[in-house]
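Here the structure is laid out as C-alpha cells; the discussion comes afterwards.
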Amino acid sequence: MRLEVGTFQIRAIEFGARTGVAGGTLVVDKDEVRRLVLGDSHFADVQVHLVRPGENVRIINAKDAVEPRWKVSGPGGVFPGFVSAPTTVGEGRTHRLGGVAVLEVAEPVPGEQTHFREQILDMSGPGAEFSPFAQTLNVALEFTPNPSLFPSASVGAKDVLGGTHEAEDYNRATTLACLKVAAYLARATAEQTPDHVETFELTPCAPVLPRVACLYHTQANYLYGMKIALPFGTLVHPNELFDGALVGWRQAYRSTYWDQNNQAMRELYQAHGKSVNFVGCVLFYDLTPEREQKERVSSAAAKLARLLGAQGALLLGINGSNYAIDTMLAIQECEKLGIKTTLIYLDVGYGPDDPGFVHAAPEADAIVCIGSRDRKITLPPTAKVIGGQRLASSAADPRGELTVNQRDIHTACSTQGFTRQTTRFF
Amino acid sequence: MSTIRVVHYLNQFFSGIGAEEHAGLGPAKKLGVVGPGIALQQALGEGAQIVATVYCGDNYANEQANAIDAILALVSEERPDILIAGPAFASGRYGLACGELCVRAQDRLGIVAVTGMHPDNPGVDLYRTKVHIARTRESAAGMSDAMKVMAQLALKLYARVPLGTPQEERYIPTGRRVHFVAEQSAALRAVDMLVKKMSGQPYATEWPVPSYSQVEPAPPVQDLAHAKIALVTTGGVVPRGNPDRLESAYASKWLKYPIGELNDLKPSDWQSIHGGFDTTNVNEDPNRMAPLDALRELEREGAFQDLADELYTTTGNTAAIPTARRFAQEMLQELRANDVQGVILTSA
C-alpha cells in the first residue's frame with residue numbers, strides 16, 4: 001500500500017465568496033459551509049468562526065478536531081464510512097491542508113455523558129502551550145441542536161460512556177458534519193499541485209532490522225464509520241489512519257486530527273528501513289468491565305503482534321480508568337511472547353501519595369511520560385469566548401481567570417505521540 | 001568553612017543496648033558516634049561530624065505519648081545542621097519512629113533530615129512524601145551501603161544541590177513531580193527507547209512503575225457456624241442524603257453505620273454516592289451493593305453465628321493505595337476488637 005500525501009501549507013485563512021486555496025491562503029465560503037451542515041436535520045443552526053494562533057480567544061466545549069483532507073486518486077475516499085464508502089483506504093494520493101483544523105464545538109446536550117467533558121482551547125497565553133490547536137488555523141463549527149430532538153432538559157445518562165441513544169446520535173451528527181466540512185475544504189485543491197508530497201509505504205526491509213508493530217489501545221469512537229468494539233483487536237495499515245479511517249474525540253485524550261497525523265506511526269515510518277522494520281498497527285479496545293474481557297482483548301492484541309512477526313511493540317496506552325488494566329495486560333502478554341515493548345503513557349496521579357498508575361505491570365519498564373492529567377494550570381481572563389455561555393463542569397465565568405487541570409485543556413493529554421509535555425518523578 | 005554538625009538516631013538494638021527486651025527503653029544520648037555511626041561518619045567524610053547519637057527503644061518511641069518530642073529535644077540540644085535516622089531496614093516500629101522524628105526535625109528545627117528503609121517498611125508509605133528515605137536492603141547486611149546513600153543525600157540536601165532521580169540517587173520516590181517540555185516528541189522518544197531495548201543497549205524509563213506489595217489471601221474461617229461476620233463495602237453505601245459527606249472519589253475517610261436492627265437496606269433510607277459507576281440499579285436496591293438481605297437469610301439458616309451490628313463503608317473510587325491500606329488497618333483494629341472472624345467485602 002503506497003500513499004502519497006500532498007500538502008498545501010496554509011498560512012492565512014479568511015472568509016470569501018468561493019472556497020479555495022491560493023498562495024498559502026485558504027478562503028472559506030461561509031454560506032456553503034453552513035448549507036453543508038444544515039442539510040442535516042439534527043441542527044437548528046451552526047456558527048462558523050475563523051480562529052487564529054495568538055488571538056485573544058477562548059473556545060469552550062471543544063470536541064473533535066479534523067484536518068481537511070481529500071482523496072484525489074486511488075481507491076476509496078477520505079473518512080470512509082462517513083464521507084465515502086467504508087472500503088479500505090490508504091492508497092493513491094490524498095491532499096491535505098497543512099496547518100488547518102476543523103473544530104467541533106458543541107455544548108453538552110441532555111442525556112450526554114459529561115464526565116471529563118470540559119475542553120478549553122485558549123489561542124494565546126499559558127493555555128496555548130498545552131493544546132496543539134492553539135498553533136493551527138481553525139475553522140470552528142459551533143452547533144445548535146434542533147430543539148425537537150431534546151424536548152426534556154433533564155434526561156439522566158444511562159450509559160456512562162455514551163449517554164442516551166439520542167445524545168449519542170446527535171454527537172455522531174456533529175462528528176459527521178466536521179468530517180464533511182473538512183473534506184469539502186480540501187476538495188478545493190483537487191486540481192492543484194501541492195507544495196510538497198510525502199510517500200508512505202511499508203517497503204521490504206533488510207532481514208536484520210527488528211520487526212516492530214504499533215499496538216494502539218485506541219479510544220476512538222469509530223473505525224470505518226462503525227462504533228468501535230474490538231474484543232479480538234484488529235490489524236490496520238498506518239496509511240488507513242492517514243486517510244481518516246479512525247474517527248472521534250475522547251475527552252482530552254484524542255482527536256481525529258492526530259490520527260490523520262499520528263506521530264507514533266510517522267516516527268516508525270521515519271525509522272523504517274533504518275533502525276526498524278515497521279510491520280503494521282494493531283488496534284485494540286473494548287468495553288471491559290469484566291476480567292475475562294480484559295484477558296481476551298489484551299491477549300488477542302499480543303497475538304496479532306506475534307502474527308506480524310513483531311520483535312518489538314510501541315504501545316499507545318490508556319490510563320486513568322479500568323482500561324488501564326488492559327494496556328498493562330497487553331504489555332505482559334507481549335513480553336511473555338518475547339516482544340519487547342515501550343509505552344507512551346499519561347500520569348493520572350492525584351497528589352504525591354498516588355504513583356499515577358491505575359495498574360502497573362513490572363514488565364512496563366520502558367515508559368515515555370506525556371505529562372500529568374491533574375497538573376494545575378491557570379488561564380488568564382480572555383477577551384472573547386466561543387462555544388456557549390457555560391463551562392461543562394464549572395459554574396465559573398468562562399471569560400474570567402480559570403484554574404484548570406491539564407485534562408481540561410483541549411487534547412492536552414493525547415497519547416497519539418505528538419506532545420512534548422512530560423513529567424519526571426522525584 | 002565550619003564543620004557540619006550531624007546527630008545520628010538509632011533504636012535500642014543498633015545502639016548496642018539490647019534486643020526486644022529493651023524495646024521499652026526511654027530516650028537517651030551519647031556524645032559522638034555509636035555502633036553503626038562509625039560507618040556513617042566514614043561516609044560523611046571530614047566536612048561533617050557526628051556530634052551526638054540519640055537512641056530510644058522502639059516500643060517506647062511508638063507507644064509513649066510525647067516520645068518523639070522528647071527525642072527531638074535531645075536532638076535539638078546539639079544544634080545540629082543534619083539529622084540522620086536509622087537506617088531502619090524492614091523494621092516497622094523503628095521505621096515509623098525514624099520517619100516521624102525526621103518530619104518533626106525538618107518542620108520544627110528547620111534542619112535537613114534523612115532516613116533509610118527497605119521499600120516494604122510501613123514507614124515508607126507514611127513518610128516517603130515528607131522526607132527523603134534512602135532505599136536499603138531488608139537487613140543490616142546492607143548497613144555500609146545504606147550509610148553511604150544516606151550520607152550523600154544529607155550532604156546534597158544541606159548544600160542545596162538539586163537531587164537527581166530516585167534511581168540515580170537511590171532514594172525512595174517522594175511523589176514529587178516536575179513538569180517540563182521535552183526537546184523531542186513522545187513518539188520519537190518512544191521509538192528511540194524501543195530500538196535501544198530491542199538491541200540490548202541501556203535505556204532508562206521516564207517513569208518507573210511502583211512495586212505493589214502482594215496481599216496474601218486470608219485462610220478460610222475455621223468454624224463458620226460459630227463465627228461473627230461483618231459487612232464491609234467500598235461501594236459508597238451511605239444513609240440517604242449522605243449525612244457525613246462521604247466523598248464520591250478520593251475518599252478521605254471510612255464510616256460505620258448501625259444495621260443491627262435492620263433486615264435489609266431500604267432504598268428510602270440508603271443510597272450509593274460512588275462516583276465511578278452508574279448507581280441507578282444500586283439506588284433502586286442498596287442490598288445489591290451491601291447485601292444485608294442475603295446475609296440476614298444466611299444468619300437465620302445458621303450459615304454463621306451472627307452479623308456484626310455495624311456496616312463499614314467507604315468509597316473505593318480512585319483511592320490512593322496508602323489511603324486504602326490505612327482504612328483497612330483502622331477497620332481491622334475495630335473488627336478484631338468486636339470479635340469479628342470474617343468479613344464480606346463488596347466493591348463497585
Side-chain angles (χ1 to χ4, degrees), chain A residues 129 156-160 210 212 262-268 270-271 275-276 289 311-315 340-345 347-358 360-372 375 406 415-426, chain B residues 125-126 128-130 132 162-169 171 173-200 203-212 249-250 275-281 318-324 326:
Chain A
E129 292 164 26
K158 279 273 187 187
D159 174 354
V160 291
V212 171
N262 188 297
Q263 290 300 294
M265 311 295 164
R266 287 184 61 95
E267 290 300 344
L268 285 169
Q270 279 292 319
S275 53
V276 306
Q311 295 155 285
L314 196 172
L315 273 102
K340 302 270 194 266
T341 59
T342 59
L343 170 65
I344 294 182
Y345 220 38
D347 165 31
V348 299
Y350 192 82
D353 266 343
D354 186 340
F357 295 91
V358 169
E363 292 86 350
D365 62 358
I367 302 180
V368 165
C369 180
I370 54 168
S372 301
R375 176 181 177 185
Q406 187 166 324
T415 57
Q416 295 160 299
F418 61 85
T419 189
R420 294 194 294 125
Q421 293 289 344
T422 189
T423 300
R424 292 293 180 280
F425 303 79
F426 287 87
Chain B
D125 271 348
L126 277 172
R128 71 176 176 89
T129 64
K130 303 183 182 84
H132 285 92
L163 288 186
T165 63
Q167 299 75 49
E168 290 161 357
E169 310 264 7
Y171 59 91
T174 64
R176 187 170 66 90
R177 288 163 164 84
V178 173
H179 312 289
F180 63 101
V181 176
E183 285 190 9
Q184 296 170 332
S185 71
L188 184 51
R189 281 160 26 232
V191 171
D192 284 349
M193 201 183 287
L194 183 58
V195 167
K196 284 185 179 146
K197 185 171 169 179
M198 287 188 302
S199 62
Y203 63 93
T205 185
E206 296 177 357
W207 186 11
V209 294
S211 57
Y212 299 116
Y250 302 110
F277 74 102
D278 182 345
T279 53
T280 311
N281 294 333
T318 63
I321 290 164
T323 312
R326 175 168 64 81

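In the text below, chain A, chain B and the rest are named by the order of the sequence lines, each starting its count at 1.
When A:Gly371, A:Gly356, A:Pro362 are compared by the number of non-hydrogen pairs under 4.5 Å with chain B, A:Gly356 comes out ahead. Between chain A and the residues B:Asp192, B:Val195, B:Val181, the largest count of heavy-atom pairs under 4.5 Å involves B:Val181. In terms of heavy-atom pairs under 4.5 angstrom with chain B, the leader among A:Val348, A:Thr415, A:Asp353 is A:Asp353. Per-residue heavy-atom pair counts under 4.5 Å with chain A were compared for B:Gln167, B:Gln184, B:Glu168, and the maximum is reached by B:Gln184. Of all the listed residues (A:Asp365, A:Val276, A:Asp354, A:Leu268), the one sharing the greatest number of non-hydrogen pairs under 4.5 Å with chain B is A:Asp365. Note on A:Arg266, A:Glu267, A:Gln263, A:Glu129: by heavy-atom pairs under 4.5 Å with chain B, the leading option is A:Glu267.
Judged by distance alone, with hydrogens and angles left aside, the side-chain atoms of B:Arg128 form a donor-acceptor pair with the main-chain N or O of A:Pro352 at under 3.5 Å.
With a 4.5 angstrom heavy-atom cutoff, A:Ile370 touches chain B only via side-chain atoms. Both the backbone and the side chain of A:Thr341 come within less than 4.5 Å of a heavy atom of chain B. Both the backbone and the side chain of B:Phe180 come within contact range of chain A, with heavy atoms under 4.5 Å apart. Both the backbone and the side chain of B:Thr174 come within less than 4.5 Å of a heavy atom of chain A. Using a 4.5 Å cut-off between heavy atoms, A:Asp347 contacts chain B through both its backbone and its side chain. Residue A:Ala366 touches chain B through both its backbone and its side chain, counting heavy-atom pairs closer than 4.5 Å. Only the side chain of A:Ile344 comes within contact range of chain B, with at least one heavy atom under 4.5 Å from a heavy atom of that chain. Looking at A:Glu363, only its backbone comes within 4.5 Å of chain B, counting heavy atoms on both sides.
For the atom pair OG of B:Ser199 and CD of A:Gln311, the computed distance is 11.5 Å after rounding to the nearest 0.5 Å. The line from CZ of A:Arg420 to CD of B:Glu183 is 8.0 Å long, rounded to the nearest 0.5 Å. Rounding to the nearest 0.5 angstrom, the gap separating the CG atom in B:Leu194 from the CG atom in A:Leu315 is 9.5 Å.
Closest of all the heavy-atom pairs between B:Pro210 and A:Pro355 is CG-CB, 3.7 Å. What you find for A:Phe426 and B:Leu163 is that their closest heavy atoms are CE2-O, 3.7 Å. A:Val212 and B:Met198 get closest at one heavy-atom pair: CG2-CE, 3.4 Å.
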TODO: Could you please spell out the steps behind the side-chain contact (heavy atoms from CB on, under 4.5 Å) verdict for A:Thr342 and B:Arg189?
DONE: CA-CA 10 Å; A:Thr342 59; B:Arg189 281 160 26 232; over 6 Å; no

Task: Steps toward side-chain contact (heavy atoms from CB on, under 4.5 Å) verdict (B:Thr205, A:Ile367) - done: CA-CA 5 Å; B:Thr205 185; A:Ile367 302 180; 3.5 Å; yes

TODO: Carefully, step by step, assess B:His179 and A:Thr422 under the rule side-chain contact (heavy atoms from CB on, under 4.5 Å).
DONE: CA-CA 6 Å; B:His179 312 289; A:Thr422 189; over 6 Å; no

- [ ] Carefully, step by step, assess B:Arg177 and A:Phe425 under the rule side-chain contact (heavy atoms from CB on, under 4.5 Å).
- [x] CA-CA 5 Å; B:Arg177 288 163 164 84; A:Phe425 303 79; 3.6 Å; yes

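In this structure, B:Tyr250 and A:Tyr350 have parallel ring planes: the angle between them is below the 30° cut-off, well short of the 60° mark.
Taking the side chain as every heavy atom from C-beta outward, A:Gln270 and B:Leu188 never approach each other to under 4.5 Å.
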